[in-house]
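Values below: every heavy atom of this structure, side chains too, minus hydrogens, waters and symmetry copies.
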Amino acid sequence: MFIQTESTPNPATLKFLPGQTVLDTGTADFPSAETAGTSPLASRIFAVDGTTGVFLGNDFVTVTKDDMTDWDNIKPAILGAIMEHFQSGQPVMAGEAEQSGGHAVHDGPDGEIVVQIKELLDTRVRPAVAQDGGDITFHGFERGVVYLHMQGACAGCPSSTLTLKMGIENLLRHYIPEVVEVRPVA
């Protein structure tokens with residue numbers, strides 16, 4: 001098994017490409033070791049000292065490290081953990097563990113606008129963000145403000161504010177005049 005790695009715009013995050021499907025549908029975000037209990041793969045990666053986050057996509061695994069750890073020291077152990085997992089035959093997600101299809105449900109008065117927002121995110125934003133090892137999902141829409149949840153490499157990325165404001169906000173405002181601003185949520 002050959003696992004490729006790619007850098008991301010977030011220097012604390014690396015994208016690992018195992019060359020096979022990681023998740024059939026959706027994504028799974030594990031911002032801490034305590035949240036990884038539903039994923040044997042994520043749990044195995046968190047066993048590597050210095051790992052602070054794991055994000056699973058369709059064909060990639062994004063790993064975030066702490067500031068004190070150097071990639072040269074942690075990368076071989078993470079590669080080993082991913083390889084061991086796929087060779088073990090264990091599932092990526094245990095049982096009926098919840099995977100995120102992405103967007104939050106919106107049942108407010110702006111339903112048509114929210115449908116447009118989600119469609120633009122799915123067709124224009126999420127594919128590009130996935131290339132960088134992350135995901136951005138709809139969280140809410142209120143009084144012209146779109147609230148988005150950033151995951152994987154996007155969470156904590158130094159360029160995430162620029163991506164939100166200059167990229168996503170401009171895109172949404174161009175196509176949907178009711179959108180005034182885009183803000184991240186934790």
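- Using a distance-only test at 3.5 Å, with no hydrogens or angles considered, a donor-acceptor pair links the side chain of D66 to the main chain of T69.
- Nearest heavy atom pair, residue S32 against residue T35, reads O-OG1, 2.7 Å.
- Within 6.0 Å of the CD atom in E119, the count of heavy atoms belonging to other residues, nucleotides or ligands does not exceed 12.
- Within 6.0 Å of the CG atom in D67, the count of heavy atoms belonging to other residues, nucleotides or ligands does not exceed 12.
- Listed by chain and residue number, nothing satisfies the side-chain hydrogen bond (donor to acceptor under 3.5 Å, both in side chains) test with N170 (two or more places apart in sequence, or in another chain).
- A donor-acceptor contact closer than 3.5 angstrom is absent between the side chains of T8 and T13.
- Distance check, rounded to the nearest 0.5 Å: CD1 of I176 to CG of D110 gives 11.0 Å.
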Does T27 form a side chain to side chain contact (heavy atoms under 4.5 Å, CB included) with Q151? I'd like the steps, not just the answer. CA-CA 9 Å; T27 60; Q151 300 172 311; 3.9 Å; yes

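- I78 CD1 to I45 CD1: the interatomic distance, rounded to the nearest 0.5 Å, is 7.0 Å.
- I3 is connected to V48 through a chain of hydrophobic side-chain contacts under 4.5 Å among Ile, Leu, Val, Met, Phe, Trp and Tyr, so both are in one cluster.
- Taking CZ from F46 and CD from E34, the interatomic distance works out to 8.0 Å, rounded to the nearest 0.5 Å.
- Donor-acceptor pairing under 3.5 Å is recorded for the side chains of K75 and T5.
- How far CZ of F141 is from CD of E178: 6.5 Å, rounded to the nearest 0.5 Å.
- Side-chain atoms of I117 and V115, non-hydrogen and from C-beta on, never get closer than 4.5 Å to each other.
- Hydrophobic cluster membership differs between Y147 and L121, with clusters built from Ile, Leu, Val, Met, Phe, Trp and Tyr side chains linked at under 4.5 angstrom.
- Considering CD of E142 and CZ of R183, their distance stands at 9.5 Å, rounded to 0.5 Å.
- There is no path of hydrophobic side-chain contacts, each under 4.5 Å, that joins V145 to M150.
- A 4.5 Å side-chain heavy-atom check between L148 and V146 finds at least one atom pair inside the cut-off.
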Under 3.5 Å, sequence neighbours excluded: what are the donor-acceptor pairs made by side chains of residues 81-94?
| unit_1 | atom_1 | unit_2 | atom_2 | d |
| --- | --- | --- | --- | --- |
| H85 | NE2 | Q90 | O | 3.3 |
| H85 | NE2 | P91 | O | 3.4 |
| S88 | OG | H85 | O | 2.6 |
| S88 | OG | Q90 | N | 3.1 |
| Q90 | OE1 | R44 | NH2 | 2.7 |

Determine, step by step, whether T137 and R126 satisfy the side chain to side chain contact (heavy atoms under 4.5 Å, CB included) criterion, reporting the C-alpha distance in whole Å, the side-chain angles of both residues, the deciding distance to 0.1 Å, and the verdict. CA-CA 8 Å; T137 57; R126 292 177 82 186; 3.7 Å; yes

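- Remark: Q20 CD is packed, more than 12 non-hydrogen atoms of other residues, nucleotides or ligands lying under 6.0 Å away.
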Contacts under 3.5 angstrom, residues 56-63 side chains, donor-acceptor by atom type, not counting sequence neighbours:
| unit_1 | atom_1 | unit_2 | atom_2 | d |
| --- | --- | --- | --- | --- |
| N58 | ND2 | L23 | O | 3.1 |
| T62 | OG1 | G133 | O | 2.7 |

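- Proximity of a side-chain donor or acceptor of K15 to a complementary backbone N or O of A130 within less than 3.5 Å is detected.
- Under the 3.5 Å distance criterion, the side-chain polar atoms of E169 are matched with a main-chain donor or acceptor of V182.
- Linking Ile, Leu, Val, Met, Phe, Trp and Tyr whenever their side-chain heavy atoms come within less than 4.5 Å leaves V185 and I168 in two separate clusters.
- With hydrogens and angles ignored, the 3.5 Å screen pairs a side-chain donor or acceptor of W71 with a backbone N or O of P11.
- Under the 4.5 Å side-chain criterion, counting only non-hydrogen atoms from C-beta, E6 is not in contact with D132.
- Between the N10 side chain and the A12 main chain, a donor and an acceptor come within less than 3.5 Å of each other.
- Tracing side-chain contacts under 4.5 Å through hydrophobic residues (I, L, V, M, F, W, Y), one reaches L14 starting from F30; they form part of the same cluster.
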